[in-house]
Amino acid sequence: MCGIVGYIGRRKAAGIVIEGLKRLEYRGYDSFGVVTTNDSLHISKKSGRISDGGSGAAGLPGTAGIGHTRWATHGIPNDQNAHPHLDCTGKIAVVHNGIIENYAELRRDLTARGHTFSSDTDTEVIAHLVEEQYAGDLAAAVRAILPLLQGSYALLVIAEGDDRIIAARMASPLVIGVGDREFFCASDVTPLIDHTRRVIYLEDGDCAVLSCSEYTINHDGMAVDRPVEEVDWDIQDARKGGFSHFMQKEIFEQPQVFYNTIHAVRESPDALAHLVGSRMSIMIVACGSSYHAALLCKYLIEVYCGIPVRVEIGSEFKYYTPPLNVPVIGITQSGETADTLAALKMAQAWGCPTIAITNVVGSSVTRIADATIYTRAGPEISVAATKSFIAQLAAALQIAGSLSDDPGLEEELDRVNVMIEDTLTVPIDDAVALCTQAHSIFFIGRGFYYPVALEGALKMKEISYIHAEGYAAGELKHGPFALLSPDTPVVALAMPGKTYPVMISNIKEIKARGAPVIGIGVAGDMELPEIADIFIPLSPSHEVAGIAMVSVILQRLAYHVADALGCDIDKPRNLAKSVTVE
Ligand code: F6R
């Protein structure tokens, strides 16, 4: 995820763009760049954070400009890969948030037609494609190339000698700010409300043209009107995009994160080849939430691909695992967790091929592993993992989809982001009220929902400080039943599937021991609402969407309980985002 900003009007553009990019740094901060135009283009870009080094760009002349703050996806974070990207003539400049999935093919074709590339990014193909179409009308050239792009994009384009900014959106957010003889555009409203409260949310497929005096929006070749809406946030709120906490904001980013990640993993053929090459068995190492994602990965690959998978906690693997001869995957959001890194180094010493699944380009794990699969969660600021967990789940699902003989699985994955979106507004107030009073909470599930229960409990204890335990539902009667009481709610994950009937039996056993039950199932279930004290109905869906949806509900439950208890949600006590010691 990256942030983009554009300005055109009567004021100097560079400063406005730079300040806007600073507001978007939560979306990415490994490099940045700005390009402005008067008679010619003036460009400044470099690796690092704009909040540390934007001053070089501040002197750029011109009253129109676009800029970008990057979270590297294609190509390491360095000066060359920082946006804006230029065409061969250096007269067309592009900034882009999203992923161009067919960039490799486009780049091959463009190179064959004589174009020269100066970066490793997917974005640069856009500049060269526009160059081929440009005959004096930038808007027409951009519109002509959009159908060639597969994937997600919010992009801004300017050209020397053309006093306009062209903005286009597909599956990545883009907002226009309407000022007094000036217009702004950005990835969200955060940078806009310093200047205007009047905004237009572009829709997928929209292409807008901004000049100092007017804007027009085109969709499918037709001019369209989009409503101008009033934003009533104050600037303080907007730094978190209007959300009270980064955790809440990151929960809401998950539909896009899921979409971005499955597409990114589809483009990692080398890393996947390591796995496909050895269909005998696979080992996965990870810690914390990443360990829960690893457990999900095991269930998914075993169920959908029939390949045995073993999972170990990083810190245990290192001391107790006998030498292996299988591919070893390390899952780590930060790419810096010491125990996971040590486990991978040990696996390498045994001669095992190693694969990293990480969210951070250039992190230590990418330098250790033989191959890397990137999740596309963007920077996660809240200490508690939410969107990075969903991105790891997306990666696991896509790996299972790629290794499976069932072509239908990948098709299902394309629908999951919509189902996650649906889950973000499911009412959970009664469940929050019950958990807020609890001394201890159990989370139970079977099969796929066992790791989801573990993750739900981790989230709850980590940010609300209420003791919580995740259990395989069948295990509760082997000891924990002794703890059940009216102030020990049990969150039971009873989604459709082969374990549903036995989950219902488990819930009845729990009820008989006096503990209140929060049942999470699907709308239309006749039995669960009858026996659960509180029923949370989710939309019926394929089981791969169900895993993501229940995970999101449990994140929201933990978030709202912690909020009701007044906890420091984004920075829970005693915890750090990256655990670089054993
Ligand atoms: C929990 C959480 C931690 C991390 C763990 C591993 O919300 O964030 O449990 O999952 O510290 O971190 P990474 O994935 O960076 O290796």
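For ligands, and for the atoms within them, numbers begin at 1 and follow the listed sequence. Everything numeric here is computed off the predicted structure, so don't read it as measured data.
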query = Considering distance alone, does some N or O of Gly335 sit under 3.5 Å from an N or O of ligand 1?
reply =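 The answer is no, given that Gly335 and ligand 1 share no N or O pair closer than 3.5 Å.
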inquiry  = Would Thr340 count as a polar contact of ligand 1, with the cut-off being nitrogen or oxygen pairs under 3.5 Å?
reply    =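 Min N/O separation from ligand 1 is not below 3.5 Å for Thr340.
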query = With a cut-off of under 6.0 Å to the ring centre and 45° to the axis, is Arg573 in cation-pi contact with Tyr465?
reply =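 Verdict for Tyr465: a cation-pi partner in Arg573.
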Closer than 4.0 Å to some heavy atom of [X] - which atoms of ligand 1 meet that?
X	result
Thr337	6 (C), 12 (O), 13 (P), 15 (O), 16 (O)
Gln333	13 (P), 14 (O), 15 (O), 16 (O)
Lys459	1 (C), 7 (O)

ask   = Closer than 4.0 angstrom: is that true for some heavy atom of Glu336 and an atom of ligand 1?
value =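 In this structure, Glu336 fails to qualify as a contact of ligand 1 - no heavy atom is under 4.0 Å.
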ask   = Quick one: does Val383 get within less than 4.0 Å of ligand 1, heavy atoms only?
value =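 Checking ligand 1 against Val383, which is what was asked, there is a heavy-atom contact under 4.0 Å.
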query = Between Asp79 and Lys45, is there a side-chain N and carboxylate O pair less than 4.0 Å apart?
reply =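 Looking at Asp79 and Lys45, the cut-off is not met.
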ask   = Going by atom types alone, do Glu250 and Gln555 pair a side-chain donor with an acceptor below 3.5 Å?
value =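 No donor-acceptor contact under 3.5 Å links the two side chains.
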query = Does any donor atom in the side chain of Thr190 or Asp188 lie under 3.5 Å from an acceptor atom in the other side chain?
reply =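 There is such a pair (donor and acceptor under 3.5 Å, judged by atom type) between the side chains of Thr190 and Asp188.
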inquiry  = With rounding to the nearest 0.5 angstrom, report the CG to CH2 distance, Asn97 to Trp71.
reply    =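 Spacing of CG (Asn97) from CH2 (Trp71) equals 13.5 Å.
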ask   = Between Phe252 and Phe243, does the ring centre distance come in under 6.0 Å?
value =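 Yes.
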message = On a heavy-atom basis, I'd like to know which of Ala338, Ala384, Cys287, Gly288 is closest to atom 6 (C) of ligand 1.
response =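 Among Ala338, Ala384, Cys287, Gly288, the closest heavy atom to atom 6 (C) of ligand 1 belongs to Cys287.
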